[in-house]
Protein chains: 2
Amino acid sequence: MSPRRSVADTLETRQRILDRSLAIASAEGLEGLTIGRLAAELGMSKAGLLGHFGTKEALQLAVVDQAAEVFLREVPRKVKQMPSGLPRLIEVCEAWVSYLEREVLPGGCFFTAATAEFDGRSGRVRDALAGMNALWRRDLRIHIRRAVSDGDLKPDTDVEQLIYEILGVMLALNHFLQLEHDEAAPRRARQALKRLLTK
Amino acid sequence: MSPRRSVADTLETRQRILDRSLAIASAEGLEGLTIGRLAAELGMSKAGLLGHFGTKEALQLAVVDQAAEVFLREVPRKVKQMPSGLPRLIEVCEAWVSYLEREVLPGGCFFTAATAEFDGRSGRVRDALAGMNALWRRDLRIHIRRAVSDGDLKPDTDVEQLIYEILGVMLALNHFLQLEHDEAAPRRARQALKRLLTK
DNA sequence: CCTACCGATCGGTAGG
DNA sequence: CCTACCGATCGGTAGG
């Protein structure tokens, strides 16, 4: 009989599972994350692992949360001290490019990969991914509006158009980095953003 | 004993398999395309189906070819009659937007989905996808260079930068259509392209 | 093109 | 947290 684990130990095990899950899911997709393989890599049983989450879908939802946590830590939280408006928007985009450039997660942006994988389905995982995307666009929207009202972007700026184009730059960055290992891609992303964010 | 099928019949069956495979793979990914499910949907046995291709990987490669065939028919071949250079480039991009807007394949662009799915792996399927991407960029490059030498794009146009940004617009279009069902997305794509392709 | 089958793996559960 | 197990499904093969 194994000794009873403390609450702290349980949380630590849960975190170990999530960290490994996120690495696997980023590289090979949320569906490629299988219970058996994950258990083997962590040196524990499938049943022991599932005890922390209940079902595979619950594990997937926890991984989406964990990916959001990593992204929020690496991008918006890093530029919290910048004055809001255009300076903050520019730094948010730079942190975003840097996040993809440094390959914080293997396989690039978890959300890009997971969104492409789940956008044709229905269910709670898809909804969670769509929710995170919407939340992040809301963040960008706030910064852009502020930049416009500060007079740092043209008064006739089409806010949704700008969000669309910024996202396109980031999706292309992820594409060229992951598929082509194109080292020039971050430079291209920064150049495109500079043009988009200059009055 | 079933009657011996003619060569034409065999090819027709093969095409039926490919058409269905492409629809499944576009919507749910190349890995989600399983032999058992495909056989069930087509009303044939797994062995009969596999006889046409040999292995799952060979089927996946054939599906990539089929997707390329559909894309080439719907986009570049539709604008073959246009004068090369900028007019052709503009029409290629319009055909591309229209292709995504009409949802010719369920689940949007097969190559976007498959590339995101396989970019972190190695093997022949990944290589085939990378090859198609490279071929298509080559096409765009030729049109852009011609537009520059015709004087229809600025002489200091950064060709690779423009390819990067056009691809970003298309990736964003696919993203907003598939995840958000955003009907404004094609308009945003056209507007972004207009700005990119105006001297 | 079929039936019948293979070993491996899937997500998940019973019981401790 | 474990062992032992479940039915379903995976890609693939033998033999016709």
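Worth knowing before you read on, the calculation uses all heavy atoms, side chains too, and leaves out hydrogens, waters and symmetry mates. In what follows, chains carry the letters A, B, and so on, assigned in the order in which the sequence lines appear, proteins first and then strands, with residues in each chain numbered from 1.
Atom P of nucleotide C:dT3 and atom CG of B:Leu49 are separated by 14 Å, given to the nearest angstrom. Atom CG in A:Leu42 sits roughly 16 Å away from atom C1' in D:dC2 (whole-Å rounding).
Side chains of A:Arg14 and A:Thr10: no donor on one and acceptor on the other come within 3.5 Å.
Note on A:Arg124 versus A:Glu57: salt bridge recorded, some NZ/NE/NH1/NH2 to OD/OE distance being below 4.0 Å. Taking 4.0 Å as the cut-off between side-chain N and carboxylate O, B:Arg16 and B:Glu41 do not count as a salt-bridged pair. The existence of a salt bridge linking A:Lys194 and A:Glu94 is excluded, since no basic side-chain nitrogen approaches an acidic carboxylate oxygen closer than 4.0 Å. With respect to B:Arg137 and B:Glu160, no salt bridge is recorded, no charged nitrogen being found less than 4.0 Å from a carboxylate O.
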### Task
Mark up nucleotides 7-13 of chain C, 5' to 3', with B wherever a protein heavy atom is under 4.0 angstrom from a base atom, S wherever such an atom reaches only the sugar-phosphate, and - elsewhere.
---SBBB
## Note on the structure
The dot-bracket string of DNA chain C, counting Watson-Crick and G-U wobble pairs with both distances under 3.5 Å, using [ ] for crossing pairs and | for pairs to another strand, is ||||||||||||||||
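The aromatic rings of A:Trp136 and A:Phe71 sit perpendicular to each other, their planes meeting at more than 60°, with 30° as the lower class boundary.
Under the 4.5 Å side-chain criterion, counting only non-hydrogen atoms from C-beta, A:Leu129 is not in contact with A:Arg126.
Considering every non-hydrogen atom in both B:Lys80 and B:Arg88, the closest pair reads O-NH1, 3.8 Å.
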